[in-house]
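Scroll down for the structure; my scribbles are underneath it.
Hydrogens, waters and symmetry mates are skipped; everything else that's a heavy atom, side chains included, is used.
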Amino acid sequence: MPDIQLPDGSHRQFPEPVSGLELARTIGSGLAKAAVAMRVDGALKDLSTVLDQDVAVAIITKDSPEGLEVIRHSTAHLMAQAVQSLFPGVQVTIGPVIENGFYYDFAAERSFTQDDLVAIEGRMRELVKENLVVHREIVSRDTAMTRFENMGEDYKVQIIRDIPATETLSLYHQGDFVDLCRGPHVPSTGSLGAFKLQRVAGAYWRGDSRNPMLQRIYGTAWGSQKDLDAYLQQLAEAEKRDHRRIGTELELFSIQEDAGGGLVFWHPMGARIRRVIEDFWRSAHVEGGYELLFTPHIAHEQLWHTSGHKDFYAESMFDPMQDEGQPYQLKPMNCPFHILIYKDKLRSYRDLPLRWAELGTVYRHEMSGALHGLMRVRGFTQDDAHVFCRPDQIEAEIGEVLTLVQKILGTFGFDRYEINLSTRPEHSVGSDAIWETATHALRVALERAGLEYQVDEGGGAFYGPKIDLKIQDAIGRKWQCSTIQLDFNLPERFGMEYVAEDGTRQVPIMVHRAIFGSVERFFGVLIEHYEGKFPLWLAPVQVAVLPISEHFVAYAESVTAALTKLGLRVETDLRNEKIGYKIRAHTLRRVPYMLVVGEREQEAGTVALRDRNGQDLGSHSVAALGAALQKMVEERQNTLEWQG
RNA sequence: GCCGUUGUAGCUCAGUCGGUAGAGCAACUGAUUCGUAAUCAGUAGGUCAGAGGUUCGAUUCCCCUCAACGGCACCA
């Protein structure tokens, strides 16, 4: 006689045991239809589970986060069933839920093609129509082992072998398909339907590159067709922001096959933006008490032995080059160079903190398959800085860095962050005392700054704790940019020291920090964030002056000259085209403001103002417009809204 | 690096069952002198990613290399 408590606190009594699905039906037919699983005293269960005790039950529906997980997991099974029915002999391995979807890895003789995906999806739809009941079977380890051995499912056998003996093994059946799975799953295949297979890709068995490569099929699944469509729409939106496409369209940058992969060429328009970014970065750093450095691109190989990079970073470094019998190496990092400057003379405790920043271009041998537009390249410029300080200064220095990070990122329109504090890993250098002091200092600095953060226990580098910061872009994607890392290793390796108040020699604390991370990558993120519609202060061309016809060319040029004189980036479009053509052309180039000049404007000494969003902003005198634009640029405003 | 796909004009793409290629946009020239997202006409533009092989003949078929794309692995 189970007494079942529902999430709203109410109770329902049943004369005999009931299944979850039956329970849902007594609550409402709509609920029963949307139900995919349930939570019994906190544990996820299939709806077919019979409730014969007094328990608390929450029905999980398609639209809840947990329900979506169940749907995605069940859709992965459905796909595996379809694959095995179409391609006998293909082995199944694992098929987990991922963000927005699922994948399933198969061991197959040949790789799947795009046509195969269409066929698999078709078969899946048939199986949905058949509305096969999904049922769970508890089996012993031996039974499970034998069954999968007989089926020739070698990978499943390996999986079973690795499951702790204490765990219950369950099999899920639907039609003639069986899979080893913890569950829960939807009650029948008819509960599924809003899915789409996306792509095939290779993936190593158990994620290890020494293992055989399997065929992974990715798919997405949702609680309703509407949600699926919305998601696909969102993917298309993200696609439109692709910095590689926009970069080509707006002539911002290119990657040249003749030069090699992962090497970025900044074209004039991109270079203009970079210059603005860097100028702002420099002035913000000087204001923040930094000195700016320049260091070479290569150094004796020996330096990289001293730094330890030859031991633990060699794979990412370009091979050494020889000159007069001496091996030199391209730098993958700037830190050793800054250390050499530090060591160039004896430092006093009074000199600390030293804050040294450099836009330092480094080269790393990223593997060919890892290269991706501006996001992952082989040559890039780090906005690198190192703070050398005493242990008692850590907290204040980290606080300063966090302030600068927020100031700089905020100016680019990034004010939502995800922050991680990573603490001491198992293998590490440095005393307990220094780790303790430093980690505490990072924590306090974060809290003082009022920043929320998560702690990644043991996630720090072997040489010190760190703070990583991800920014969120306009469509909610997260990008790792800023990082603040303490280093107890390099100062030791290089024998850095300062003379303390008591005359003893002490080792300084070293802080590595970057705000953009890489200028290239940050630029890529900016392009995607703004969809190429840069705010006025960053736009490579801020204003386009568009004469209606040849008669107004002289006036247009005078307007351009006046605005250029104010430091604005202005172009005159003298092409022999109609005004509509010019407006379209500059709108597509994302030029923030267009000034139309014709007879009326020439007479009155004004311009007709229009922004790239199609807003007609009325008529303005050249002087008033210039002053208003200048103000917007100076304040680095993120909006084009007219305040003149 | 690994698996798969792809590489044709500046861009987006069509095409060639093996007989050295075509469109739209962009560029250039001319006409038009125009009021808020594409005026009309013409011209030019290609070692069909690169190297090799098969063939009378290769952009097309085969092999290798390079690069891009989607993943995996990598990314203190």
Side-chain angles (χ1 to χ4, degrees), chain A residues 98 103 105 108 110-114 116-117 198-218 239 242 244-245 248-251 254-263 307-309 311-313 315-316 332-333 335 364-373 375-378 422 425 427-429 459-464 466 468 480 483 485 487 489-490 512 517-518 521 544 546-553 575-589 594-601 608-617:
Chain A
I98 53 174
Y103 67 78
D105 285 349
R110 67 168 179 92
S111 29
F112 298 117
T113 64
Q114 211 53 44
D116 292 335
L117 282 200
Q198 293 168 296
R199 57 178 61 99
V200 225
Y204 299 109
W205 164 236
R206 296 200 155 145
D208 189 328
S209 56
R210 289 166 303 191
N211 286 342
M213 186 155 273
L214 307 172
Q215 297 294 313
R216 173 171 301 179
I217 303 180
Y218 284 93
E239 174 94 31
D242 193 315
R244 294 166 300 188
R245 235 197 40 186
T248 307
E249 270 170 27
L250 302 188
E251 299 179 53
S254 67
I255 290 168
Q256 300 284 332
E257 201 171 322
D258 289 339
L263 302 170
S307 69
H309 288 97
D311 298 328
F312 54 78
Y313 206 71
E315 261 188 17
S316 297
M333 293 191 192
C335 16
R364 296 184 183 174
H365 181 264
E366 298 288 352
M367 285 200 272
S368 57
L371 302 177
H372 179 88
M375 302 304 185
R376 194 81 179 268
V377 293
R378 287 184 172 153
S422 303
H427 299 286
S428 54
V429 299
F462 73 88
Y463 51 75
K466 62 174 180 177
D468 288 320
Q480 159 87 57
T483 181
Q485 311 190 354
D487 191 335
N489 179 48
L490 282 181
H512 307 257
S518 133
R521 185 182 146 81
L546 317 178
I548 295 277
S549 78
E550 265 170 28
H551 303 305
F552 314 106
V553 163
R575 287 178 297 182
N576 187 1
E577 295 289 351
K578 304 215 295 199
I579 197 67
Y581 178 91
K582 295 184 188 179
I583 284 173
R584 178 178 152 82
H586 293 94
T587 303
L588 290 175
R589 286 176 76 204
M594 282 157 266
L595 309 182
V596 176
V597 295
E599 189 165 7
R600 291 199 295 270
E601 288 73 24
L609 181 64
R610 175 191 164 105
D611 72 19
R612 66 183 161 210
N613 301 319
Q615 288 289 319
D616 179 354
L617 300 169

Classify the nucleic acid contact of A:Arg521 as base, sugar-phosphate or nothing, counting any heavy atom under 4.0 Å across all strands shown.
nothing
Closest non-hydrogen atom pair, A:Tyr103 against A:Asp105
CD1-OD1, 3.5 Å
Tell me, do A:Leu595 and A:Glu601 make a side-chain contact under 4.5 Å, heavy atoms counted?
no
Annotated protein contacts, base or backbone, on nucleotides 34-47 of chain B with a non-hydrogen cut-off under 4.0 Å, one of B, S, - each
BBBBBB--------
Figure out the CZ/C1' separation between A:Arg589 and B:C11, and round it to whole Å.
15 Å
To the nearest angstrom, the CD1-C1' distance between A:Ile217 and B:U5 comes to 15 Å
Considering only the P atoms, how many Å lie between B:A9 and B:G46, rounded to the nearest integer?
11 Å
Whether A:His512 and A:Tyr463 hold their rings parallel, tilted or perpendicular, with breakpoints at 30° and 60°
tilted
Look at the side chain of A:Lys582 and the backbone N and O of A:Val596, then say whether any donor-acceptor pair between them is shorter than 3.5 Å.
no
Could you tell me the separation between the OG1 atom of A:Thr587 and the CZ atom of A:Arg612, rounded to the nearest 0.5 Å?
10.0 Å
Nearest-angstrom distance, P atom, B:G7 to B:A14:
9 Å
Which whole number of Å gives the distance between the C1' atom of B:C61 and that of B:C75?
40 Å
Checking the side chain of A:Asp208 only, and the main-chain atoms of A:Arg210 only, is there a donor and an acceptor separated by less than 3.5 Å?
yes
Can you tell me how far P in B:U12 sits from the matching atom in B:A26, rounded to whole Å?
15 Å
If the C1' atom of B:C25 is compared with that of B:A44, how far apart are they to the nearest Å?
16 Å
When you measure from the side chain of A:Arg378 to the backbone of A:Glu366, do you find a donor-acceptor pair of N or O atoms at a distance under 3.5 Å?
yes
Euclidean distance for P, B:A21 against B:U47 (whole angstrom):
13 Å
All stems with RNA chain B, defined as three or more consecutive Watson-Crick or G-U pairs under 3.5 Å:
B:1-7 with B:66-72, B:10-13 with B:22-25, B:27-31 with B:39-43
Quick one: sort the A:His309 and A:Tyr313 rings into parallel, tilted or perpendicular, breaks at 30° and 60°.
perpendicular
B:A58 to B:C48 separation - C1' atoms, rounded to the nearest Å
11 Å
Starting at the 5' end of nucleotides 64-76 of chain B, put B wherever the base has a protein heavy atom under 4.0 Å, S where only the sugar-phosphate does, and a dash everywhere else.
--BSSSBBBBBBB
Sticking with atom P, work out how far B:U6 lies from B:U60, rounded to a whole angstrom.
15 Å
Could you pull out the closest heavy-atom pair between A:Met594 and A:Ile583, with the gap in Å?
SD-O, 3.7 Å
Is there a donor-acceptor contact under 3.5 Å from the side chain of A:Arg521 to the main chain of A:Gln480?
yes
Please answer whether the main-chain N or O of A:Tyr218 pairs with a side-chain N or O of A:Arg199 as donor and acceptor at a distance below 3.5 Å.
no
